[in-house]
Amino acid sequence: MMMLVVIMSLAVFACKGLVQALPFPAPNFNNCNNYQGCCPVPYNGTISEKLYVFDRKLPLRTRPAAHLLDDAYIAKYQRAYRLLRALPDSDPRSWKNQAKLHCAYCNAAFNFDVLTSSGRNSTMRFEVHFGWMFLPWHRFFLYFHERILAKLLGDDDTFALPFWNWDNQSPDPPLANAIPLAFANPMYDKKVQSSLYDERRSRCTKWPNLVDLQNALECANQTLELQTTLRQWNNRLMYTQLVTAAPISRLFFGESYKLGSAPGRGAGTLEVSPHGNVHLWTGNPNATIPFSDMGILQYAALDPIFYAHHANIDRLWEVWKSLPGGNRKDLSQADYLNTQFLFYDENAALVKVQISQALNINNFRYNYEGVPNSWIHEGSDAASAPCFPASTSEINEMILNTPPLSTKNFTTFANSSITFRVRRPVEKQLHRQEVLVIRSLKLEGPNGPALNAFLYFPTANLTTPITCIEFFGKTGGFGVVFGFDLPDSKMEWRLALGYKLQSLGMDQFSHVVVTLVQLGLPQIIQLKNAQIVYFDE
Ligand code: C2O
């Protein structure tokens, strides 16, 4: 297979002078770089060339909301992780080996030989995060995790992974957006330490503190007043990242990633935040390895809450597809659909899957318990007010007074905010999405810098709440602490404009004025070349 890929790519190179671009074949588990100790257990069996076949006779299982579990389900859930933790290290399905598998798919363990544009062979690391593989890879990972737990329980037909419904801001007990009690309380089942507990968690996660989807690095004393604000901010973050910032597939799923392209070219809106924020909020900033377990890709899957967190991410993928407005459907490029991965199944056999199999959730025979997605309304633009109201002439003046960003050199931005204008193309491209692209964004500060973006709001600063109607996107918050040590971590940040401008009724101006605000202590951030482009999907 690898041979074939190289030969085909030579042909591509010869006629176009480009780096090869083909879907990734499955990695070779027996050819793994163990520098972070992540290599999966080598496989001695033969891997079938055929794709994994789902069990069509499996009864439909409903993944329950973790905060609504009854005692019997919690007991079963805890037993599943006790059994998993008890498997020996030689078993590829063991708790540690599953965490390693997650790490292997994210930290340079698998290398692919590719041909570069200068015609040389080069070895490139592989990474399932920060791009379009993120959602389907994790759907498969969770599915096999769930099948392994079900098998250990001897409950193939009914066991389904609970999801941690942190996007649900309802103040009524039981709280959905605090860490579920069975995870939080080490002695939840009174006799032995809960198998769902992990001691490497932030003090912020102390029950009943609420998840902070906005500012993951600190937790002030959560007074009732602060909790009310947090709920509003969380709703607003959810709405922005899933509705106005992701009206089309490319923005939601992230940038393409094919054999020969650099990893980490740009994560989708769901992956960046809320996903990344929940990881960072949960991990312990004061641990020996700061932010472990959950805040470090290498260790994240050692915390059982990882799987409940990702079940919610997986559910939100389905929610996004059901939202009105925009063009919200799965990606359809062949290089995406044909990307392959390997996983150990519940019988410890290594099986091959491909992304095309992940898109229809019915293949997996699970669905999700219905919960309110109240952020769709409570965090909406319709429920927000302008914080910087300006007339048409005031906005035209604002445009005149705001400089553009240099397209040649990096602009270093070490203050808490930066404002620049970007010219909008003269002709309206109907039916295509207007997107602001900020190229070569270096978000590499020591504390994982994060940015909020505001439209026509030049005085926005650190204290500006995202509940302002002008808020239109967020990025960062992972950086170095999230294991993002890719050789070339200049990313693109793509911010949907068309959908937002229309919903604000502000579609008539020649330029947009954009203000980026750093969260937390200002760090050195570099960026250049902000442009408006049109995306087809
Ligand atoms: Cu593979 Cu939530 O990360």
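Both ligands and their constituent atoms are indexed starting at 1 by order of listing.
Between His138 and the options His309, His145, His310, a ring-ring contact (aromatic ring centres under 6.0 Å, His included) holds for only His310.
Across the pair Cys32 and Cys39, the gap between the SG atoms, which is the quantity tested here, stays under 2.5 Å.
Salt bridge Asp303/Arg201: present, at least one basic N to carboxylate O contact under 4.0 Å.
For a distance bound of 2.8 Å, the N, O or S atoms of His102 include one lying that close to atom 1 (Cu) of ligand 1. Distances from atom 2 (Cu) of ligand 1 show that His310 has an N/O/S atom below 2.8 Å. Distance check for His279 against atom 2 (Cu) of ligand 1: an N/O/S atom falls below 2.8 Å. Atom 2 (Cu) of ligand 1 has no N, O or S atom of His138 inside 2.8 Å of it.
Within His129, NE2 is the N, O or S atom that lies nearest to atom 1 (Cu) of ligand 1.
A donor atom on one side chain and an acceptor atom on the other are not found under 3.5 Å apart for Thr62 and Glu369.
Geometrically, Arg250 engages Phe535 in a cation-pi contact defined by less than 6.0 Å to the ring centre and at most 45° from the axis.
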